[in-house]
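Protein chains get the first letters and strands the later ones, always in sequence-line order, with residue 1 at the start of each.
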There are 2 protein chains.
Amino acid sequence: MENIKEDRRIRRTKKLLKQALAQLMDEKDFKDITVKDITDRADLNRGTFYLHYTDTYDILNKIENEILENIQSMINQDMEKTDTTNNTSVPALKPIAEYIVENADICRCLINNKASVDFLDKLQSLIYDNCSDIIKRRHNVKDSRRNEYYFSFITFGIIGMMKKWLEFKPMASAEEMVILADQVMKYSASALK
Amino acid sequence: MENIKEDRRIRRTKKLLKQALAQLMDEKDFKDITVKDITDRADLNRGTFYLHYTDTYDILNKIENEILENIQSMINQDMEKTDTTNNTSVPALKPIAEYIVENADICRCLINNKASVDFLDKLQSLIYDNCSDIIKRRHNVKDSRRNEYYFSFITFGIIGMMKKWLEFKPMASAEEMVILADQVMKYSASALK
DNA sequence: CAGTTATTAAACTATATGTTGATTATAATG
DNA sequence: CATTATAATCAACATATAGTTTAATAACTG
């Protein structure tokens, strides 16, 4: 991903800029956040921003991608050590839910962010990529146009559920959400016949 | 809604500005569209834009709201003439699907618009407002935290399904989507017990 | 330590924003 | 049709942000 190891100053700068943006997104709409806002908050020169990012959408995009990469690598780690054959649930849901509950603030911020549906789309792809195969196998589903509608329904549905999950404080546990998601997925899969 | 009847010039101007924005959104990201872009395309003076809207997000917001008002009034009309008691489906789905298929271009544009999740959220609220009561009654569901997750799942799921629906050309018929949506809703409602 | 490289500060151009005041064009009304 | 009201235009202006560039300084790497 990153070319081995970046200069410590670069790591520091990028971290400060990302923290500053996350802070600002809690305070106002992303669309109203300027490069100057970010560098002021990070206490860095404005020019420094342009050494690493092209504009505010670029840094947002990179934050989103990192989150998704983190989730994906958690899924991969979990898959290695877990036996999926006799499992009744969809295995990827657990690491996803655990990541979200551990990083609730930033996930809530990105999911509800009015500036961009990118994160929702990316998250949906991640869920699809990691869940569709196993559902297809369990329910003996073959590829069809109709089933594409179904998978779009279910992957978006999971996102909607997580969105609601993030609204309540204190949040329900990851285990609870995994069980509920599994259940809803299983039942709605009956519609496939 | 609007104070009786606007000046014909105002109606014309607003229409031109909205058409121009819709065109531009097909061509590039909303975030890259400026007021000047819109007025150039509409062949109007830039100052004229500010007589009606505060900025590009304002006009987008108003376009979104009009679409949703149109859908809502279609639902209301349909509800009046349809007997809902012995109906097995969720009645609001039909007018929603019919509106979307009739206005596929603008709906696709707004649903996929990377600039704002507002439309998705508003559409979700509309679906929730018009569908949740009847589902609750049919399945004898009482209000609970758990069921809020479920309703968030199902309303987002429907949006995901419609999103997929809008991707294929030629689009499936409204009837087909209503039947599928109804079915998936019904089966996933079993998870409520 | 020596060489490399990131950050800074300042300046600069270009462009978008939002507003204002005077003028012209168009619509509503009796 | 003539009058009145008001919308749209045009030009100009102040402000803000976006990007880029330069030389000087600071910090890191090996």
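- Counting non-hydrogen atoms of neighbouring residues, nucleotides and ligands closer than 6.0 angstrom, the CD atom of A:E102 reaches no more than 12 such neighbours.
- Checked against side-chain hydrogen bond (donor to acceptor under 3.5 Å, both in side chains), B:D58 has the following partners two or more places apart in sequence or in another chain: B:K62.
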Output one letter per nucleotide in nucleotides 23-30 of chain C: B when a protein non-hydrogen atom lies under 4.0 Å from the base, S when only the sugar-phosphate is that close, - when neither is. --BBSS--
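- Between A:M161 and A:M177, the closest side-chain pair of non-hydrogen atoms falls below 4.5 Å.
- For the helix from C:dC1-D:dG30 to C:dG30-D:dC1, the axis fitted to the five pairs at one end and the axis fitted to the five pairs at the other end meet at an angle of 50° (nearest 10 degrees).
- A salt bridge between A:E176 and B:R145 is absent, with no side-chain N of the basic residue lying under 4.0 Å from a carboxylate O of the acidic one.
- Judged as a side-chain hydrogen bond (donor to acceptor under 3.5 Å, both in side chains), the pairs with a partner in residues 126-135 of chain B (not counting sequence neighbours) are, in order, B:Q72-B:N130.
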Summarise protein proximity over nucleotides 8-19 of chain C in one line of letters, 5' to 3': B for base, S for sugar-phosphate only, - for none, counting protein heavy atoms closer than 4.0 Å. SB------SBBB
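- For D:dA8, one of the phosphate oxygens OP1 or OP2 lies less than 4.0 angstrom from a side-chain nitrogen or oxygen of B:T13.
- Rounding to whole angstrom units, CZ of residue B:F49 and P of D:dC10 are separated by 18 Å.
- In this structure A:D121 satisfies the salt bridge (Lys or Arg N to Asp or Glu O under 4.0 Å) test together with B:K163, sequence neighbours excluded.
- A sub-4.0 Å separation between OP1 or OP2 of C:dT7 and a side-chain N or O of A:H52 is present.
- The environment of A:K142 atom NZ is sparse: at most 12 non-hydrogen atoms of other residues, nucleotides or ligands sit within 6.0 angstrom.
- When all heavy atoms are compared, the tightest approach of A:D78 to A:P91 is OD2-O, 4.3 Å.
- The distance from atom OH of A:Y53 to atom P of D:dT20 is 17 Å, rounded to the nearest whole Å.
- Of the candidates B:R11, B:K14, B:R12, B:K14 is the only one forming a salt bridge (Lys or Arg N to Asp or Glu O under 4.0 Å) with B:E6.
- Remark: the B:T34 side chain and the B:D37 side chain contain an N/O donor-acceptor pair separated by less than 3.5 Å.
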